[in-house]
Amino acid sequence: MPKYLLIMRGTDESNAAMMADIDEMMAATRQFIEETVKAGVLLAAEGLDDPGQGVVVDFSGEAPVVTDGPYGETKELFGGFFLLDVASKQEAVEWAKRVPAARGSKIEVRRVPGSDEVPQVDK
């Protein structure tokens, strides 16, 4: 079965709304994870630390440039993910619609190509 990554993306506003109701959001997220486990589709799920704790390595120039967070110019931040093993894109979308998310958040659904789809390098 194909794998799909449900990428949680939020803005400063949606992240603030989520933090305002963090206990309720965490309970809903635990329930969602239990449902995906019962359905046998969850492969992995992780949330990410505050973006202010991260860095960006930018390859725009001749040499990589490292910039500490936070990133005020960023409109949306990657906040975490669920990796699902489902039968179709449509099934992944149905699960994505059930992810507990604050108003203004988005869930991006991306297929993870199988190893047979990645170009192989001749040795």
Side-chain angles (χ1 to χ4, degrees):
M1 291 204 314
K3 295 176 191 168
Y4 284 86
L5 192 63
L6 309 184
I7 303 166
M8 299 182 297
R9 298 184 345 201
T11 63
D12 288 340
E13 293 81 17
S14 67
N15 290 339
M18 180 186 68
M19 293 308 290
D21 294 321
I22 192 64
D23 291 337
E24 182 179 321
M25 185 62 69
M26 293 304 294
T29 300
R30 282 190 292 277
Q31 177 66 34
F32 176 76
I33 289 171
E34 288 175 15
E35 291 171 8
T36 59
V37 169
K38 283 182 185 175
V41 299
L42 183 67
L43 297 176
E46 296 290 341
L48 298 178
D49 199 359
D50 183 288
Q53 302 300 314
V55 300
V56 168
V57 180
D58 185 344
F59 292 90
S60 297
E62 288 185 31
V65 175
V66 178
T67 305
D68 291 331
Y71 317 105
E73 72 280 358
T74 303
K75 299 286 186 224
E76 294 179 337
L77 295 170
F78 177 28
F81 68 89
F82 298 95
L83 180 60
L84 305 181
D85 189 9
V86 294
S88 66
K89 180 179 179 180
Q90 292 74 25
E91 185 178 353
V93 168
E94 289 305 313
W95 281 108
K97 289 165 46 176
R98 295 172 61 184
V99 171
R103 181 175 296 280
S105 299
K106 295 179 182 177
I107 303 296
E108 181 177 345
V109 178
R110 302 272 304 271
R111 190 172 72 84
V112 179
S115 59
D116 59 332
E117 297 176 273
V118 177
Q120 302 299 313
V121 177
D122 293 330
K123 293 183 180 183

**Prompt:** Do F81 and L43 share a hydrophobic cluster (ILVMFWY, side-chain heavy atoms under 4.5 Å, transitive)?
**Reply:** yes

**Asked** For the hydrophobic clusters of this structure (ILVMFWY residues joined by side-chain heavy atoms under 4.5 Å, transitively), does one cluster hold both F32 and L83?
**Response** no

**Asked** Minimum heavy-atom separation for A17 to A102, with atom names?
**Response** CB-CB, 4.2 Å

**Straight-line distance of T11 OG1 to R103 CZ, nearest 0.5 Å** = 12.0 Å

**Message:** Using every non-hydrogen atom in the two residues, find where L42 and F82 come nearest and quote the distance to one decimal.
**Reply:** CD1-CD2, 4.4 Å

**Message:** Show the nearest heavy-atom pair for residues G10 and N15, with the distance to one decimal.
**Reply:** CA-OD1, 4.0 Å

**Item:** Non-hydrogen atoms of A45 and I33 that approach each other most closely
**Value:** CB-CD1, 4.5 Å

**Item:** Nearest non-hydrogen partners of V57 and P64, listed with the distance
**Value:** CG1-CB, 3.8 Å

**Request:** Before giving the answer on side-chain contact (heavy atoms from CB on, under 4.5 Å), spell out for V86 and E94 the whole-Å C-alpha distance, their side-chain angles and the decisive distance to 0.1 Å.
**Result:** CA-CA 10 Å; V86 294; E94 289 305 313; over 6 Å; no

**Message:** If you apply the rule side-chain contact (heavy atoms from CB on, under 4.5 Å), what do you find for D58 with T67, and how did you get there?
**Reply:** CA-CA 8 Å; D58 185 344; T67 305; 5.6 Å; no

**Message:** I'd like to know if K38 pairs up with E35 as an ion pair, taking the criterion as any Lys NZ or Arg NE/NH1/NH2 lying under 4.0 Å from an Asp or Glu carboxylate oxygen.
**Reply:** no

**Test: E108 and K106 ion pair at under 4.0 Å** = no

**Message:** Please determine whether residues V112 and F78 belong to a single hydrophobic cluster, defined as Ile, Leu, Val, Met, Phe, Trp and Tyr linked transitively by side-chain heavy-atom distances below 4.5 Å.
**Reply:** yes

**Item:** Single-linkage hydrophobic cluster F59~V65, side-chain heavy atoms < 4.5 angstrom
**Value:** no

**Prompt:** Is there a side-chain contact between M8 and I107, using heavy atoms and a 4.5 Å cut-off?
**Reply:** yes

**Message:** Could you report the tightest heavy-atom contact between L6 and A92, atom names first, then the distance?
**Reply:** CD2-O, 3.8 Å

**Request:** Return yes when atom CZ of R110 has more than 12 non-hydrogen atoms of other residues, nucleotides or ligands closer than 6.0 Å, and no otherwise.
**Result:** no

**Asked** When clusters are formed by joining ILVMFWY residues with side-chain heavy atoms under 4.5 Å apart, either directly or through shared neighbours, do L5 and V109 land in the same one?
**Response** no

